[in-house]
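Pasting a structure here, questions to come.
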Protein chains: 2
Amino acid sequence: MKVKPTNSELEILTILWKKGECTVRDVNEELSEGKEGEVGYTTTLKLMQIMHEKGLVERDTSSRTHVYKALVSQSKTSQNLLDTMIDTVFNGSAAQLVMQALSNKKSSREEIEMIKKYIDELEKK
Amino acid sequence: MKVKPTNSELEILTILWKKGECTVRDVNEELSEGKEGEVGYTTTLKLMQIMHEKGLVERDTSSRTHVYKALVSQSKTSQNLLDTMIDTVFNGSAAQLVMQALSNKKSSREEIEMIKKYIDELEKK
DNA sequence: ACAATTATACGAACTTTTTCGTAGATGCAA
DNA sequence: TTGCATCTACGAAAAAGTTCGTATAATTGT
């Protein structure tokens, strides 16, 4: 029951997580921003069809223009990715990953505060 | 100058980071543990040759058995991976990634302490 | 010296992922 | 109605990544 989306699939999932329900066109347009060349419409369509076969998304086909929605959660999916990364790249140490993540990205003070709070919560158990 | 190793390449890099200098056989054996089926020797060899072409590793060919060494650093490479993940999956928030990483993996108390210290350091700037 | 082992090189088969062209259906506007 | 835009389905090409067989050379042990 391990969810392992490909890179393209992950990009699409990210959009679905952010926007909720989407048509293929919605996703295709979002995808085309933040890229140099356009992304072909049928390319996006095909990917989403494949994702449907794999059970990564569900879709409402009651109207001609289908509406897609993520079936796998953001948290579960990213957890898998992070776990894999921790195991392979960081020799099993989540702490190493966390520090690496914080080192380069300038996080705002609020973000840091949020993390501290979160850690304090964790420690209470 | 963005380093983007494939999954197999990343596995090999991880081994090189951990063990320093390695022959193909070293890597191949390490790779074969922690796997069901064996990994073919020439498969590993080929991958490492490709990595050499790409500049991911360097090698000493002075003796018959070549000795490989990572050319890209663990920190830089993992930073790239994390940044990509933060940008796509976590909408630009490192904090989100950090909390997600800590949520499932049970980190030891020492690890948590280490992270807290690290954050305190960060805050001083 | 010879056979067995172990190395590199390299091409090609194979798999997975991504992209795209084309066909056919539906909707919409003049 | 007729033509144009838009949608899905589908197959297959193209690209990327992985695996492996074979040739050949060097090394080792008997």
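As a basis for the values below, the full set of heavy atoms in this structure was taken, side chains included, without hydrogen atoms, waters or symmetry mates. Small disclaimer: the values here were computed from a predicted structure and weren't measured. Naming convention: chains lettered A, B, ... in sequence-line order (proteins, then strands); numbering from 1 in each chain.
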* Could you run through nucleotides 21-30 of chain D and give me one letter per nucleotide, 5' to 3': B if any protein heavy atom sits under 4.0 Å from the base, S if only the sugar-phosphate is that close, - if neither? => BB--BBS---
* To do: State which residues pass side chain to side chain contact (heavy atoms under 4.5 Å, CB included) with Glu9(B); sequence neighbours excluded, sorted by chain then number.
  =>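 Here the qualifying residues are Pro5(B), Thr6(B), Ile50(B), Met51(B), Lys54(B), Leu56(B).
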Give me the distances for all protein-to-nucleotides 11-13 of chain D N/O pairs that come in under 3.5 Å?
residue	atom	partner	partner atom	Å
dG11(D)	N7	Lys46(A)	NZ	3.2
dG11(D)	O6	Lys46(A)	NZ	3.4

* Asked: Starting at NZ of Lys4(A) and ending at C1' of dT16(C), how long is that distance when rounded to a whole Å?
  ->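 After rounding, the reported distance stands at 10 Å.
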* Separation of dC10(D) C1' from Leu47(A) CG (nearest whole Å) ->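 It is 14 Å, rounded to the nearest whole Å.
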Table please: side-chain donor-acceptor pairs of residues 63-72 of chain A below 3.5 Å, with sequence neighbours left out.
residue	atom	partner	partner atom	Å
Ser63(A)	OG	Thr65(A)	O	3.3
Tyr68(A)	OH	Arg59(A)	NH1	3.0

* Let me know the distance between NE2 of His52(B) and P of dC10(C), rounded to the nearest Å. =>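 After rounding, the gap between these two atoms is 13 Å.
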* Taking side chain to side chain donor-acceptor pair (under 3.5 Å) as the test, write out the residues that go with Glu38(A), two or more places apart. =>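 Listed in chain order: nothing, the list is empty.
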* Nearest-angstrom distance from the residue atom CG of Asp26(A) to P of dT8(D) ->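 One finds 11 Å between P of dT8(D) and CG of Asp26(A), rounded.
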* To do: Begin from the C-alpha positions of Tyr118(B) and Ser103(A) and carry the test side chain to side chain contact (heavy atoms under 4.5 Å, CB included) through to its verdict.
  => CA-CA 9 Å; Tyr118(B) 184 80; Ser103(A) 76; 3.2 Å; yes
* Whole-Å distance between dT17(C) P and Met48(A) CE? ->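 These atoms are roughly 18 Å apart.
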* Do you know which two heavy atoms are closest between Glu111(A) and Ala95(B), and how far apart they sit? ->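 Looking at all heavy atoms of both residues, the closest pair is OE2-CB, 3.6 Å.
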* Tell me: CG of Leu31(B) to P of dT18(D), nearest whole Å? ->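 One finds 11 Å between P of dT18(D) and CG of Leu31(B), rounded.
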* To do: Find the distance Asn28(A):CG to dT6(D):P and express it as a whole number of Å.
  =>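 About 12 Å, once rounded to whole Å.
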* To do: Please check the phosphate of dA9(D) (OP1 and OP2 only) for any side-chain N or O of Gln49(A) closer than 4.0 Å.
  =>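 Yes, within the criterion.
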* Asked: Expressed in angstrom and rounded to an integer, what is the separation of Arg59(B) atom CZ from dA7(C) atom P?
  ->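 These atoms are roughly 15 Å apart.
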* **Passing option when Leu47(A) is tested against Leu31(A), Ile12(A), Val24(A) for side-chain contact (heavy atoms from CB on, under 4.5 Å)** =>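 Answer to the side-chain contact (heavy atoms from CB on, under 4.5 Å) test with Leu47(A) among Leu31(A), Ile12(A), Val24(A): Ile12(A).
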* Going by heavy atoms closer than 4.0 Å, what residues in residues 5-20 of chain B are next to DNA chain C? ->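 Contacts with DNA chain C under 4.0 Å: none.
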* Would one find a side-chain N or O of Tyr41(A) under 4.0 angstrom from OP1 or OP2 of dT19(C)? ->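 Answer no for this pair, as no side-chain N or O of Tyr41(A) is under 4.0 Å from OP1 or OP2.
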